[in-house]
A.B. asks: 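The structure follows.
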Amino acid sequence: MDVAAAIFAVIFAILVAFAVIAAVRTVRAVKRGVDRTVTQARRTVEDTRLKARQYVQPGAAGEVAQLRLSLRTSMRATQDVLQAGLADDPSLSESLALFERLSAHGHELDDDLRKLEAEPDKGRVAARLPELRERVERVTHSADSLRWAAQDRARQFADDDLAALSEQIRMESGALRHWEDAPEATSKPAGAAATPSAAASSTAASSAGAAGAGAGAAAAGEREQPALSGRDKRWQAGYSWQKAERPESTA
């Protein structure tokens with residue numbers, strides 16, 4: 001009785017442990033989903049605000065908003081392309097590592113632009129704009145180069161795979177149409193198999209030779225089959241939609 005109680009207690013403890021682990025994993029998954037949704041919502045709100053400020057506020061303030069929007073759009077697009085292609089092309093891991101290093105400069109630059117966006121001194125904003133514009137162009141150019149290279153690589157892989165597949169399909173189609181490459185066999189007429197006997201031969205010998213030649217021609221005719229028909233009497237009953245030929249001597 002004590003042994004059964006101990007076994008039951010161990011089983012109960014294992015079930016409780018599994019339940020706790022499942023609950024923790026579920027909570028973490030939900031938390032990651034919520035964080036992802038909140039992050040995407042913040043990005044959407046920030047991008048919408050920058051677009052509105054780009055057109056509403058002319059001058060230096062509008063250009064700062066335009067620089068921030070250009071930087072964020074380029075970095076996000078490159079990150080999505082590299083992460084999506086990493087599953088099919090592991091060699092993009094090095095490119096993704098380089099992009100992570102570039103992202104550090106991008107975040108620093110975005111912080112500088114955000115601070116400049118809140119700067120009340122318009123003269124200071126106008127003075128720093130050329131330097132920040134050059135940094136944004138360098139970062140976005142590097143990000144665009146990585147994204148375009150990854151897209152060209154994926155497109156080249158797709159073209160090569162399609163070309164190889166097309167060649168295989170062409171070869172298989174040719175193999176299925178094997179009768180088109182086979183030479184057409186011409187059957188000989190039955191009368192050509194019999195050769196005329198010599199003039200000096202007797203009538204009985206001529207009759208026997210003609211009968212033998214006729215029998216040989218008939219046997220040859222039974223063995224030969226037309227090359228283009230692709231049919232064989234031995235296989236005519238092998239398919240359910242084919243009917244067996246009726247003998248000619250049926251009543």
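For the numbers below, each heavy atom of this structure counts, side chains included, while hydrogens, waters and symmetry mates do not.
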A.B. asks: Hydrophobic clusters here meaning ILVMFWY residues chained together by side-chain heavy-atom distances under 4.5 Å, can you tell me if Val24 and Val16 are in one?
C.D. replies: yes
A.B. asks: To the nearest 0.5 Å, what is the distance between CG (Asp88) and CZ (Arg153)?
C.D. replies: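 One gets 11.5 Å once the value is rounded to the nearest 0.5 Å.
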A.B. asks: For Arg76, is the CZ atom crowded, meaning more than 12 foreign heavy atoms sit under 6.0 Å from it?
C.D. replies: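 Yes, the 6.0 Å shell around CZ holds more than 12 heavy atoms from other groups.
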A.B. asks: Do Gln156 and Asp152 have side-chain atoms, one donor and one acceptor, less than 3.5 Å apart?
C.D. replies: no
A.B. asks: Transitively linked via ILVMFWY side-chain contacts under 4.5 Å: Met75 with Leu132?
C.D. replies: yes
A.B. asks: List the atom of Arg147, the atom of Ser74, and the distance in Å for their closest heavy-atom pair.
C.D. replies: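 Minimum heavy-atom contact is NH1-O, 3.5 Å.
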A.B. asks: Check Asp110 with Arg114, please: is the shortest side-chain N to carboxylate O separation under 4.0 Å?
C.D. replies: yes
A.B. asks: Is Leu69 linked to Leu67 within one hydrophobic cluster, defined over Ile, Leu, Val, Met, Phe, Trp and Tyr using a side-chain heavy-atom separation of less than 4.5 Å?
C.D. replies: no
A.B. asks: Looking at every non-hydrogen atom in both residues, tell me the closest pair between Thr78 and Leu146 and how far apart they are.
C.D. replies: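 Nearest pair, atom of Thr78 first, then Leu146: CG2-CB, 4.1 Å.
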A.B. asks: I'd like a table of donor-acceptor pairs (distance under 3.5 Å, sequence neighbours excluded) in which one partner is a side-chain atom from residues 92-108, with atom names and distances.
C.D. replies:
unit_1	atom_1	unit_2	atom_2	d
Ser93	OG	Pro90	O	3.0
Ser103	OG	Phe99	O	2.9

A.B. asks: For a side-chain contact (heavy atoms from CB on, under 4.5 Å) check, start with the C-alpha distance between Val125 and Asp121, then their side-chain angles and the critical distance, and finish with the verdict.
C.D. replies: CA-CA 6 Å; Val125 173; Asp121 189 356; 5.9 Å; no
A.B. asks: When rounded to the nearest 0.5 angstrom, what distance separates CZ in Arg68 from CG in Asp111?
C.D. replies: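 So the CZ of Arg68 and the CG of Asp111 are separated by 8.5 Å.
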A.B. asks: State the CZ-CZ distance between Phe157 and Arg155, to the nearest 0.5 angstrom.
C.D. replies: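 It is 13.0 Å, given to the nearest 0.5 Å.
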A.B. asks: For residues Pro130 and Ala127, report the shortest heavy-atom separation together with the two atoms involved.
C.D. replies: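 Heavy atoms of Pro130 and Ala127 come nearest at CD-O, 3.5 Å.
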A.B. asks: Is it true that a side-chain atom of Ser70 and a backbone atom of Gln66 form a donor plus acceptor pair closer than 3.5 Å?
C.D. replies: no
A.B. asks: Which heavy atom of Val136 sits nearest a heavy atom of Leu71, and at what distance?
C.D. replies: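 In terms of heavy atoms, the two residues are closest at CG1-CB, 4.4 Å.
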A.B. asks: What are the two closest heavy atoms between Leu116 and Arg124, and how far apart are they?
C.D. replies: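 So the two residues come closest at CD1-O, 4.3 Å.
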A.B. asks: With sequence neighbours excluded, what pairs up with Asp112 under the side chain to side chain donor-acceptor pair (under 3.5 Å) test?
C.D. replies: Arg135
A.B. asks: Among Glu172, Glu167, Gln168, exactly one meets side chain to side chain donor-acceptor pair (under 3.5 Å) together with Arg170. Which residue is that?
C.D. replies: Glu167
